[in-house]
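Reading through the structure tokens given below for one structure.
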Amino acid sequence: MTCRSNESLSKLVEEARPYAASGRVADYIPALGRAEKDDLSVAIFDIGNECYYAGDYKKKFTLQSISKVLALALALSDRGFDYVFSHVGMEPTGDPFNSISKLETSVPSKPLNPMINAGALAVTHMINGRDNKEKIDRIIRFVSSFLDGAPVTCNWETAQSEMETADLNRALCYFMKQHGIIEGDVEDLLRVYTAQCAIEMNCFDLARVGAVLALNGVDPETGKQIIAENVARICKTFMVTCGMYNASGEFAIKIGIPAKSGVSGGIMGAVPGRYGIGIFGPSLDEKGNSIAGMKILEMLAREQQLSIF
Ligand code: GLU
């Protein structure tokens with residue numbers, strides 16, 4: 001499908017762009033620190049089979065935490081509901097995404113949900129595959145299935161950059177290994193996880209992935225069932241309760257759509273039965289969400305009454 005430039009969407013982008021000035025790009029992963037702060041693009045994949053964009057919609061960015069939704073979908077398909085949720089919880093947390101504190105205090109020790117780093121690492125650990133390469137290949141192929149088989153790439157430089165600075169994630173892994181939530185080599189798990197986070201796409205592709213979720217796992221163009229309806233439902237529920245870090249409650253009130261953001265500045269939205277939304281704006285607020293991206297969603301939600309509540 002071709003995506004067309006849209007004038008009213010471009011106006012929203014220009015209205016939202018100045019907000020980026022008050023944020024910062026993530027630089028704890030050094031490769032992300034090179035992003036242009038006021039980049040802003042958006043694509044909307046209408047389930048009725050139209051697509052609109054504004055801004056530089058072909059610019060690629062890495063998924064980072066957005067990949068956690070897809071990894072969860074794959075782990076659920078590989079291992080089933082009971083296995084996955086015996087290792088990771090379903091409850092939101094008011095803590096930052098990389099916090100270790102709740103791991104220590106929850107009994108039995110189990111990450112609170114699959115959208116925080118500890119939970120996401122545990123989920124990636126569950127993905128089937130004989131070795132790192134097979135696991136990474138399976139994740140990439142799985143993501144590509146949301147794009148009707150279009151090639152999906154991983155930004156290896158960003159993955160390596162994260163490997164070099166992932167000590168907090170290492171700490172989470174060692175803690176979980178000690179408590180029997182994961183087993184095996186921590187560096188291996190981090191290699192798969194950082195590759196998964198470094199999968200890159202543009203906001204049009206991201207909108208298409210969101211559209212599959214919005215349509216309960218069905219590809220809006222081909223009609224193919226990409227993931228089970230129940231898996232899509234679980235993913236969207238986590239997007240609502242934990243998708244926007246510890247701003248998920250405020251986001252649900254102000255915007256009210258299933259969405260997942262990543263520290264690269266991406267946001268994927270899935271408006272049930274209507275739209276998949278892909279946004280890229282790398283300037284982040286203190287909780288790690290794209291400032292201008294949230295502004296666009298806020299304006300869109302108001303204009304088009306997108307809230308599911
Ligand atoms: N790869 C990043 C990390 O683990 C993802 C974090 C995010 O996007 O929230 O720190």
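Indexing begins at 1, ligand by ligand and atom by atom, following the structure's order.
Per-residue contacts place Asn117 under 4.0 angstrom from the following atoms of ligand 1 (heavy atoms of the residue considered): 3 (C), 4 (O), 10 (O). Taking every non-hydrogen atom of Asn169 and a distance limit under 4.0 Å, the qualifying atoms of ligand 1 come out as 3 (C), 4 (O), 10 (O). Of all the atoms in ligand 1, the ones that sit under 4.0 Å from a non-hydrogen atom of Gly262 are 8 (O).
The backbone N or O of Ile127 sits nowhere less than 3.5 Å from a side-chain atom of Arg79 that would complete a donor-acceptor pair.
Using modelled atom types, one finds a donor on one side chain and an acceptor on the other under 3.5 Å when comparing Asn117 with Lys68.
With Tyr193, Tyr245, Tyr28 as candidates, the residue nearest to atom 9 (O) of ligand 1 on a non-hydrogen basis is Tyr245. Of all the listed residues (Lys287, Lys68, Glu162, Gln64), Glu162 holds the heavy atom that lies closest to atom 3 (C) of ligand 1.
Distances between N or O atoms of Cys197 and those of ligand 1 include no value under 3.5 Å.
Under a 4.0 Å N-O distance rule, the pair Lys254/Glu250 qualifies as a salt bridge.
Atom 7 (C) of ligand 1 has Ser65 OG, 2.6 Å as its closest protein atom, hydrogens excluded (heavy atom only).
Take Lys110 and apply the side chain to side chain contact (heavy atoms under 4.5 Å, CB included) test, not counting sequence neighbours, and it matches no residue.
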| request: Give the C-alpha distance, both sets of side-chain angles, the deciding distance and a yes or no for side-chain hydrogen bond (donor to acceptor under 3.5 Å, both in side chains) between Thr153 and Glu200. | output: CA-CA 6 Å; Thr153 51; Glu200 52 183 3; 3.3 Å; yes

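Taking the centre and axis of the six-membered ring of Tyr19, the NZ or CZ atom of Lys295 falls inside the cone set by 45° and 6.0 Å.
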